[in-house]
2 protein chains.
Amino acid sequence: MTSNNPPDHKAISALRIERPQNLRELVQDAMREAILDLRFAPGERLVERTLCAQLGVSRTVVREVLRFLEAEGLVEITPTGPAVTRIKPEEAEQIYEIRMLLEGMAAAACAEHATRADLKILKQAIDDLGTARDTGDARLSMKATARFYQHVFAVSQKTVAWKVVESLYVRINTLRAMTIRLSNRPTISVGEMKRIYAAIAAGDPEAARAAAVAHVQEASAAAQRTFAELEAAAAEDRPLTKENLS
Amino acid sequence: MTSNNPPDHKAISALRIERPQNLRELVQDAMREAILDLRFAPGERLVERTLCAQLGVSRTVVREVLRFLEAEGLVEITPTGPAVTRIKPEEAEQIYEIRMLLEGMAAAACAEHATRADLKILKQAIDDLGTARDTGDARLSMKATARFYQHVFAVSQKTVAWKVVESLYVRINTLRAMTIRLSNRPTISVGEMKRIYAAIAAGDPEAARAAAVAHVQEASAAAQRTFAELEAAAAEDRPLTKENLS
DNA sequence: CATGATAGTATGGTATACCATAATAGAACA
DNA sequence: TGTTCTATTATGGTATACCATACTATCATG
């Protein structure tokens with residue numbers, strides 16, 4: 001019963017063992033999430049030994065993670081040590097500008113290439129976004145949005161651009177979280193996302209691009225409003241910190 | 001002789017002490033340069049203890065640097081450990097596509113905002129590029145080019161986009177270095193760079209954008225040729241490694 | 001009260017030790 | 001000769017120790 005056929009590569013892939021995440025990976029995920037959730041405020045010092053105690057790991061792991069987050073732009077090294085990056089208005093504006101270019105490009109390409117199966121996945125993400133919006137669940141809104149865009153970039157085969165956009169997202173996500181805290185105002189417009197989806201479904205690249213750009217423009221305007229509110233608060237001598245954000 | 005004037009902030013800034021680079025920073029620079037110079041080939045395993053011996057530092061420093069380079073995309077973690085990232089043709093294509101958008105945008109904005117002093121700096125970089133080209137010095141060519149672009153992005157106040165483009169550059173720089181090795185063919189066209197400069201100097205944003213895009217398109221075509229040559233070499237069962245690249 | 005000196009503590013930078021797992025080499029066996 | 005087993009070495013993951021410097025609190029002095 002010996003067979004001369006080469007091994008079935010699909011069968012071998014199905015047997016592939018998923019390696020458990022090591023401590024470094026776990027801490028990386030935890031730290032990124034904590035920063036995005038504003039559990040560490042922008043500008044807050046990240047003291048290694050304190051993080052060790054909070055996370056229950058050694059300084060080695062903490063330091064390696066800080067290096068990674070530093071390269072990602074979530075953490076900056078100040079003269080007194082690592083701190084959560086503080087995003088400036090000019091930087092945020094630039095980030096939205098780049099997103100307009102890249103998301104517009106991806107939406108247009110997606111409109112050209114999406115299959116029925118793709119549209120189904122995109123629709124599901126939009127529906128999930130609507131549900132999350134109705135229940136006021138900001139975290140789920142963000143996840144549904146990310147899922148939508150991740151798929152748009154995947155369909156249009158622009159994985160590198162997605163990596164770039166994703167890294168820009170994490171840098172402005174603290175700003176979005178602050179917007180929500182300040183105003184209890186959602187930062188994701190379901191209507192705009194629906195317009196992007198509709199243009200993609202209609203196979204209209206230019207409409208998809210325009211809808212994606214308009215959506216980012218609106219997000220940019222919301223961010224400017226947040227900065228204005230932050231400045232007003234600072235001028236009243238009550239800067240917003242981690243404590244008074246909750 | 002006591003003065004009631006507040007301290008002169010400019011004078012204080014002039015006294016600011018420049019901190020010496022720590023080991024980690026030094027190793028980071030050294031490793032990045034070594035990767036870009038093809039002293040480590042794409043795909044080559046980066047064994048920590050070997051790097052420690054070569055660099056004369058402890059594993060702590062090496063590991064932290066690897067984390068940073070990993071986040072930058074220069075290093076990937078394989079199941080057997082860290083290795084220099086191997087760039088695929090589809091990725092390179094996407095990188096050039098993003099560069100077209102971002103460099104086009106920056107060139108157009110630079111054409112709108114450049115002062116006489118800016119043009120002088122840009123011209124100097126172009127002249128230096130010409131000199132480096134004439135003397136066949138590829139490293140100086142790359143440096144002059146980087147200086148040109150860094151200033152274009154600075155004038156157009158797109159520092160975030162420059163950070164993105166810079167990180168994309170380091171990922172394709174190994175490809176450029178390979179192109180030079182394979183063909184002794186320069187990858188930077190002085191003529192194209194001059195056209196970008198001329199359009200900026202003429203204050204013509206659309207011409208600047210078009211010239212910048214054309215330049216990236218030419219670089220992309222050169223990269224595809226390099227990949228074709230790498231594939232041909234592999235098909236002849238003589239894959240290009242660090243040894244036979246020199 | 002302001003300033004300077006001193007001691008103690010906190011913190012980042014770096015090296016080293018320990019451990020688990022993977023990889024390799026060599027020996028034994030069919 | 002090919003396969004299996006065992007011992008050894010290599011390697012990454014993680015913790016801990018040590019050191020230099022920065023920061024803070026306290027005390028002494030003018």
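Everything quoted here is computed from the prediction, not taken from an experiment. Computation of the quantities below employed the complete heavy-atom set of this structure, encompassing side-chain atoms and omitting hydrogens, waters and symmetry-equivalent molecules. The sequence lines fix the lettering, A, B, ..., with proteins before strands; numbering per chain opens at 1.
Counting any heavy atom pair closer than 4.0 Å across all strands shown, B/I77 reaches no nucleic acid atom.
Computed from coordinates, the A/R45 CZ to C/dG12 C1' distance equals 9 Å when rounded to whole Å. To the nearest angstrom, P of C/dG13 lies 13 Å from CG of A/L46.
Of the residues in residues 21-31 of chain A, A/N22, A/L23, A/R24 come within less than 4.0 Å of DNA chain D through at least one heavy atom, sorted by number. Contacts of residues 59-70 of chain A with DNA chain C (heavy atom under 4.0 Å): A/R59, A/R63.
The side-chain contact (heavy atoms from CB on, under 4.5 Å) check on B/A154 picks up B/Q150, with sequence neighbours excluded. In terms of the side-chain contact (heavy atoms from CB on, under 4.5 Å) criterion, B/S167 has no residue partners (sequence neighbours excluded). Every residue two or more places apart in sequence or in another chain that forms a salt bridge (Lys or Arg N to Asp or Glu O under 4.0 Å) with A/E64 is listed here: A/R24, B/R63, B/R67.
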Study note, to complete from the structure: With sugar-phosphate taken as primed atoms, P, OP1 and OP2 and all else as base, the protein-contact string of nucleotides 19-24 of chain C at under 4.0 Å (heavy atoms; B, S, -) is ----S-
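With DNA chain C read from its 5' end, the first of the two nearest nucleotides for A/T50 and B/S58 is the one closest to A/T50. Of the residues near DNA chain C, A/V47 and B/G56, the one whose nearest nucleotide (by heavy atom distance) lies more toward the 5' end is A/V47.
Nearest heavy-atom pair across A/A223 and A/L175 is CB-CD2, 3.8 Å.
Under a 3.5 Å cut-off, the side chain of B/H151 and the backbone N or O of B/R147 do not form any donor-acceptor pair. Listed for the A/E93 side chain is no donor-acceptor partner under 3.5 Å among the backbone atoms of A/S220. Formation of a donor-acceptor pair under 3.5 Å by the A/D137 side chain with backbone atoms of A/R139 is found in this model. At least one donor-acceptor pair under 3.5 Å links the side chain of B/S156 to the backbone N or O of B/V152.
A 4.5 Å side-chain heavy-atom check between B/M31 and B/L51 finds at least one atom pair inside the cut-off.
Taking the six-membered ring where the residue is Trp, A/Y149 and A/Y169 present tilted rings, their angle falling between 30° and 60°.
Within a 6.0 Å radius of CD in A/Q157, other residues, nucleotides and ligands contribute 12 heavy atoms or fewer.
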